[in-house]
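This report concerns only the one structure given below.
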Amino acid sequence: MCGIAGIFNFNGEDKIKDQIEILTDAVTHRGPDDRGVWFNSSADLALGHRRLSILDTSENGHQPMSFDNERYWITLNGEVYNFLELRKELEEKGCTFHTQTDTEVILAAYKVWGVEMLDRFNGMWAFAIYDTFEKTIFLSRDRYGVKPLYYYLNKNQFFFSSEVQAIHKTLGYSIDLNKKVIEDIAQGGFLSHGTTETYLKDVYALPGGYNLILKDGKVELKEWYTLKKVSVPDTFEKQADVLKELIKDACILRMRSDVPIATCLSGGLDSGTITAMITTYYREQKNRFNNYTHKSFCAAFPNTPLDESKDAIRLAKQLNTQINILEIKPPTRSELTEAMKKCDGPMHALAFYPIWSLYRHIRENNIIVTLDGQGPDEMLGGYRPLKEALQTAIELKKISWFKDVYNTYSEMGESEQFSSKQFAKNELNKVIKEETRWFVKNKILQIKQFAQKDKIVKTKSSSIGSAHINSYELKAPLMPVRQADQRENIFNKSLYGQFFQSPLPGILQQYDRCSMANGVECRMPFMDYRIVEFLFSLPLESKVGGGYTKRILREATKGILPDETRLNKKKIGFNAPIVDWFSNDLKSFMLEYINSDLFLNSNYFDGKKLKMEFDNFLNTESKNWDEAWKFWAPVHLTWWLNNYHLEKK
């Protein structure tokens, strides 16, 4: 995994040499091991690369890399995990290789199969290939956008990079901010990450599952992947068997590394599954990829409701793996400032700081690759989509599932800051009110239709069944790239939205920013496309039911993951202990920015109202997370804007 960059000049101006240096060096943290820049013969195109050496760490893996007598040139960020199988297939077709990298396999695949090669890839990637014969730039991003890729286009130039800040820096901060995205960030929102928009106007994200082709000065975006439904076994038990094999293979594929590899282990179901699968099934390779360290890393928050370190220690002992616990302490001003500077733009939540700290600690322990557990919550109902589940049960007349999901989500744990039982009651009341409103409107419509007999009564489509419309679609000024199939039920639409729109795209970017800021590659077995397609194809009851969220995953790990973890219903989201930090160690930092003119007179949020709410928060004895969460995003944004304006001068 690396940092990539590229520039194409349409007018032949000679600025490209200085610009590619800036653009490439702006992502140095993503690739501390090597640096490369390549220009085409007419010097109107340049590719840049910062390398984090993972596969074939020799000089042979240097990028930009060429193939076929230097016809094709590539700069790659990411990994194609099944490159060995693809290499063998390509060798049978007459291709010869000079490195042990997946990069060279991608180039050979492009020569042999063209764009269709992408359907064969199992991995995460963002890359650009330049064809010197056709004079075509081909950019591609993996199916679900695990690896980032951004671009900027005007009448004179085309830029691309792994990070928005790199383009920002290269343009000399002369580009306007994107007000819609900034406002979303200020509210702690994830919405922009499921769109093509970024915090800079005219700088866009290439969506996951899309390609970009630049030829003759024209840019064309093409969707190359859409979520596919696959056949699943008829019984729950057989479904679990299939999922078990898929996870097992996804983990083993992601163990291919020529540098030390470890896991992140919180003590919960998702990360526990990854570590358990590896310790149970992975066998050291005789010649290569024998770099698994049998180590796991965990962030601890002692004496807070967020701390899961005891569970992680217990689970590590049961799985016979070493556990390395990093105690996350409230950051000093300098530590927090360093973390904010290393991230690509303002963050929606302070959760980025413990994530960033953990990956820094991992790198300090000479680990270059980790396997993490992101994905199941969004696909299997882990984020409490109770309202949508209840509405779906009503829609499909599944009375027993209605009771089942209500009981399931009401038994996910109680704490001082969150009550599952109260949450479930509140969601049930919302459903009752909305369904009653829908019933009344429907009856009124029937009466009107009866009264007017054959006359057509014109109504807005949203007036009937409005309770079932995704609130995201009603409110968001930022339009997501991918929309759920309207024929799907409400619950599945909700899961689709969580996966493709929010919050998962934002979480993926957060982990990419924080891991790559420290030169660590974060691999995610649950994002294997075979697992994603399988889970989205399952019936409702396999996702949530029998008293459990992520039901199928719990069944698939029976006998592999200890029941204390496998059947634990309590849900603890990964975050920072903001209630404690804002009230104590970070209080002065927060007040400094909340009391600033830039905050109070913000163009993106109501600073005066937030100041009053923060003062009330500090003076309240019974503080809770629901109140505290709203304050970090506008503070980080204010800090970032302040630095942005200073640099602009």
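A donor-acceptor contact under 3.5 angstrom links the side chains of H361 and N324, judged on distance only. Donor-acceptor pairing under 3.5 Å is recorded for the side chains of T263 and T275. With 3.5 Å as the limit, one finds a donor-acceptor pair spanning the side chains of Y225 and Y144. Between the side chains of Q391 and E434, at least one donor N or O lies within less than 3.5 Å of an accepting N or O. There is no side-chain donor-acceptor pair under 3.5 Å between H348 and Q509. Checking K543 against N492 by side-chain atom types alone, a donor-acceptor pair falls below 3.5 Å. A donor-acceptor pair shorter than 3.5 Å can be found between the side chains of K493 and Q486. A donor atom on one side chain and an acceptor atom on the other are found under 3.5 Å apart for S494 and Q498. Side-chain polar atoms of S266 and S271 form a donor-acceptor pair below 3.5 angstrom.
For the residue pair A299 and L358, the shortest heavy atom distance occurs at N-CD1, 4.1 Å. Across every non-hydrogen atom of S357 and L326, the tightest pair is O-CD2, 3.5 Å. Here the closest heavy-atom approach between residue L306 and residue N575 is recorded as CD1-O, 3.5 Å. Nearest heavy-atom pair, R363 versus G519, reported as atom, atom and distance to 0.1 Å: NH1-O, 2.6 Å.
Every residue two or more places apart in sequence or in another chain that forms a salt bridge (Lys or Arg N to Asp or Glu O under 4.0 Å) with R360 is listed here: E338. Remark: E411 engages K569 in a salt bridge (Lys or Arg N to Asp or Glu O under 4.0 Å) (not counting sequence neighbours). Qualifying salt bridge (Lys or Arg N to Asp or Glu O under 4.0 Å) partners for E564, counting only residues two or more places apart in sequence or in other chains: R314. Annotation: salt bridge (Lys or Arg N to Asp or Glu O under 4.0 Å) contacts of D585 (sequence neighbours excluded): none.
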| Going through the checks in order, is the side-chain hydrogen bond (donor to acceptor under 3.5 Å, both in side chains) test met by K244 and Y281? | CA-CA 11 Å; K244 174 183 172 182; Y281 294 111; 3.2 Å; yes

| said: Checking F190 against I507 for the side chain to side chain contact (heavy atoms under 4.5 Å, CB included) test, could you report, in this order, the C-alpha distance in whole Å, the side-chain angles of both residues, the deciding distance, and whether it holds? | reply: CA-CA 8 Å; F190 289 91; I507 292 173; 4.0 Å; yes

| task | Could you walk me through whether M527 and L504 pass side chain to side chain contact (heavy atoms under 4.5 Å, CB included), step by step? | result | CA-CA 11 Å; M527 297 301 293; L504 185 61; 4.0 Å; yes

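Residues K398 and D404 are not paired through a salt bridge, judged by the lack of any N-O separation under 4.0 Å between the basic side chain and the carboxylate. With respect to the salt-bridge test (charged N to carboxylate O, under 4.0 angstrom), the residues R384 and E427 do not qualify. With respect to R482 and E223, a salt bridge is recorded, a charged nitrogen being found less than 4.0 Å from a carboxylate O. The existence of a salt bridge linking D372 and R523 is excluded, since no basic side-chain nitrogen approaches an acidic carboxylate oxygen closer than 4.0 Å. Ion pairing of D580 with K623 is absent here, as no side-chain N (NZ or NE/NH1/NH2) approaches a carboxylate O to less than 4.0 Å.
Side chain of R554 to main chain of T549: a donor-acceptor pair is present (N/O by atom type, distance under 3.5 Å, no hydrogens or angles).
Ring orientation note: the planes of W625 and W629 are close to parallel, at an angle under 30° on the 30°/60° scale. Ring geometry, F617 versus F631: the interplanar angle falls from 30° to 60°, so the pair is classed tilted.
By the 6.0 Å and 45° rule, R566 does not stack over the aromatic ring of Y548.
Contact check for T273 versus L553: side-chain heavy atoms found under the 4.5 Å cut-off. Residues K310 and E308 form no side-chain contact, since every pair of their non-hydrogen atoms from C-beta on lies 4.5 Å or further apart. For the pair F582 and W632, the minimum side-chain heavy-atom distance is below 4.5 Å.
Among residue pairs with one or both ends in residues 225-239, those qualifying as salt bridge (Lys or Arg N to Asp or Glu O under 4.0 Å) are K229-E488; sequence neighbours excluded.
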Residues 251-260 side chain polar contacts: donor-acceptor under 3.5 Å, at least two apart:
residue, atom, partner, partner atom, Å
R254, NH1, A250, O, 3.0
R254, NH1, D528, OD2, 3.2
R254, NH2, N122, OD1, 3.2
R256, NH1, Y81, O, 2.8
R256, NH1, E85, OE1, 2.9
R256, NH2, E85, OE2, 2.7
S257, OG, V259, N, 3.1
S257, OG, V259, O, 2.8
D258, OD1, R288, NE, 2.9
D258, OD2, D56, N, 2.6
D258, OD2, R288, NE, 3.3
D258, OD2, R288, NH2, 2.8

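Ring centers of W401 and F491: under 6.0 Å apart, within the cut-off. Ring centroids of F83 and F121 are separated by 6.0 Å or more, keeping the two rings apart.
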